[in-house]
Amino acid sequence: MKLKLAIGADHAGFRLKEAVKKHLDKRGIEYKDFGTYSEESCDYPDIARDVAVAVKNGEFDFGILICGTGIGISIAANKIKGIRAALCHDTFSAKAARAHNNANILAMGARVIGEGLACEIVDSFLSAQFEGGRHQRRVDKIHEIEDMQD
Ligand SMILES: O=C(CO)[C@H](O)[C@H](O)COP(=O)(O)O
């Protein structure tokens, strides 16, 4: 299956986003860059919203979001119904985020990890498969909680 990704970052994540894009280019993985496009200060919820909505609408298989810590941008993305954004700073968590949580967005903090590790985390996230079974039941329960808010 040919993957299509949505990628976005705030000003703090801009440089790491560019490094991850280069890595995706090398791997021949298609993506759309939702910005930001410079290190000029901006607000991470704006980027999180655009990427999360595009992933939720099925335009992309997965999203990648980067801010300084990865915290704000993942919190914001998780406000979109159907989004399971996972903040990962190690490859084990990135793999588990897909295998157990069926995460559809990977979030990272550019002020926390370097480019090499970030690219390995992206690879781990993209190569893992959701295992279903008991994990599906738990993911369903997450979305039941979401539905309680309507
Ligand atoms: O990590 C972040 C949110 O979780 C932001 O990137 C960070 O808060 C931006 O800070 P500043 O405006 O001081 O560069």
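Every number for a ligand or one of its atoms is a count from 1 in the order of the listing. Residue numbers start at 1 and run along the sequence shown.
Taking a cut-off of under 4.0 Å to the non-hydrogen atoms of A12, the atoms of ligand 1 that pass are 6 (O). Close contacts of ligand 1 with D10, meaning ligand atoms under 4.0 Å from a residue heavy atom, involve 5 (C), 6 (O). Less than 4.0 angstrom separates some heavy atom of Y44 from each of these atoms of ligand 1: 3 (C). Of all atoms in ligand 1, listed by their number and element, those nearer than 4.0 Å to a heavy atom of G68 are 1 (O), 2 (C), 5 (C), 6 (O).
Residue contacts with ligand 1: R111 is placed with a nitrogen or oxygen under 3.5 Å of a nitrogen or oxygen of the ligand (distance criterion only).
Heavy atoms from other residues, nucleotides or ligands lying under 6.0 Å from NZ of K22 number 12 at most.
Using a cutoff of 4.0 Å between basic side-chain nitrogens and carboxylate oxygens, R27 and D123 are scored as salt-bridged. Under the 4.0 Å criterion applied to side-chain N and carboxylate O atoms, K21 and E18 are assigned as salt-bridge partners.
Looking at T69 against ligand 1, both its backbone and its side chain come within 4.0 Å, counting heavy atoms.
Atom 4 (O) of ligand 1 has G72 N, 2.9 Å as its closest protein atom, hydrogens excluded (heavy atom only).
Within a 4.0 Å radius of atom 12 (O) of ligand 1, the protein contributes one or more non-hydrogen atoms.
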Applying ring pair (Phe, Tyr, Trp, His ring centres under 6.0 Å), run through Y31 and F62 and close with a yes or a no. CA-CA 9 Å; Y31 58 84; F62 300 110; over 10 Å; no

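A side-chain donor-acceptor contact under 3.5 Å links H143 and R84.
With E146 contributing its side chain and G82 its backbone, the two residues share a donor-acceptor pair below 3.5 Å.
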